[in-house]
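Some notes on the structure that comes next.
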Amino acid sequence: MQQTDNESKDAAIINFTFKDDSVIPAWAKNHIDRIASEGIINGYTDGTFRPADQITRAELAVMTVRALRLETKQEAELTFADSEQIAAWAKPYIAAAAQAGIVNGKGNNRFAPSDTATRAEAVKLVLALLESK
């Protein structure tokens with residue numbers, strides 16, 4: 001990874017390289033590098049970013065918690081009926097988001113971590129980010 005100059009920000013933005021960089025749109029690359037530099041995203045374990053994939057509720061919750069810099073606890077307990085379906089890497093983030101009141105279940109106390117996030121769900125989390133400033 002190489003660092004690049006960024007006069008408009010105090011922190012240097014790292015130029016991240018994902019295995020699928022060639023399919024990341026040019027207009028999005030700097031934005032992806034910036035939030036990766038901030039620790040908000042890190043791509044998938046296989047080294048890809050998958051820019052065309054839809055985002056899951058779990059992934060959106062994780063990114064929001066990281067952006068808000070909420071405290072997470074590995075041993076955090078979740079009370080959602082489908083907690084066993086939430087990946088171990090996402091559980092502390094979803095617990096923090098639930099505790100902060102920025103995520104809810106979808107009905108029957110299900111979080112539905114693998115469901116695609118809706119535009120309305122994304123807006124709710126973007127507003128939480130804006131209100132934290």
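By convention here, the first residue in the shown sequence is residue 1. No experiment lies behind these values; they were computed from the predicted model shown.
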How would you list, by chain and number, every residue that makes a side chain to side chain contact (heavy atoms under 4.5 Å, CB included) with [X], sequence neighbours excluded?
| X | value |
| --- | --- |
| Ser83 | Leu78, Phe80 |
| Pro113 | Ala58, Asp82, Gln85, Ile86, Phe111 |
| Trp89 | Glu59, Val62, Ala87 |
| Lys73 | Glu71, Glu75, Ala76 |

Please tell me if the side chains of Ile24 and Ile32 come closer than 4.5 Å, counting only heavy atoms from C-beta onward.
-> yes
What ring-ring contact (aromatic ring centres under 6.0 Å, His included) pairs are there with at least one residue in residues 18-47, not counting sequence neighbours?
-> Phe18-Phe49
Residue pairs passing the ring-ring contact (aromatic ring centres under 6.0 Å, His included) test with at least one member in residues 113-133, sequence neighbours excluded, are none
Just distance, no hydrogens or angles: give the donor-acceptor pairs under 3.5 Å from side chains in residues 98-110, sequence neighbours left out.
from, atom 1, to, atom 2, distance (Å)
Asn104, OD1, Lys124, NZ, 3.4
Lys106, NZ, Asp115, OD2, 3.2
Asn109, ND2, Thr79, O, 2.6

List, by chain and number, the other hydrophobic cluster members for Val123, where Ile, Leu, Val, Met, Phe, Trp and Tyr join if side-chain heavy atoms come within less than 4.5 Å, directly or indirectly.
-> Val126, Leu127, Leu130
Could you give the distance from CG (Leu125) to OG1 (Thr64), rounded to the nearest 0.5 Å?
-> 4.0 Å
By salt bridge (charged side-chain N to carboxylate O under 4.0 Å, His left out), which residues pair with Glu121, not counting sequence neighbours?
-> Arg57
Residues two or more places apart in sequence or in another chain: which of them pass salt bridge (charged side-chain N to carboxylate O under 4.0 Å, His left out) with Asp21?
-> Lys29
Closest heavy-atom pair and its distance - Pro51, Asp20 | CD-OD2, 3.5 Å
Minimal non-hydrogen separation, Leu60 against Ala122, with atom names | CD2-CA, 3.7 Å
Residue pairs passing the salt bridge (Lys or Arg N to Asp or Glu O under 4.0 Å) test with at least one member in residues 61-70, sequence neighbours excluded, are Glu38-Arg69
Flag, side chain of Lys19 to backbone of Asp46, donor-acceptor distance under 3.5 Å | yes
Check whether more than 12 heavy atoms from other residues, nucleotides or ligands sit under 6.0 Å from atom CD of Gln54, and answer yes or no.
-> no
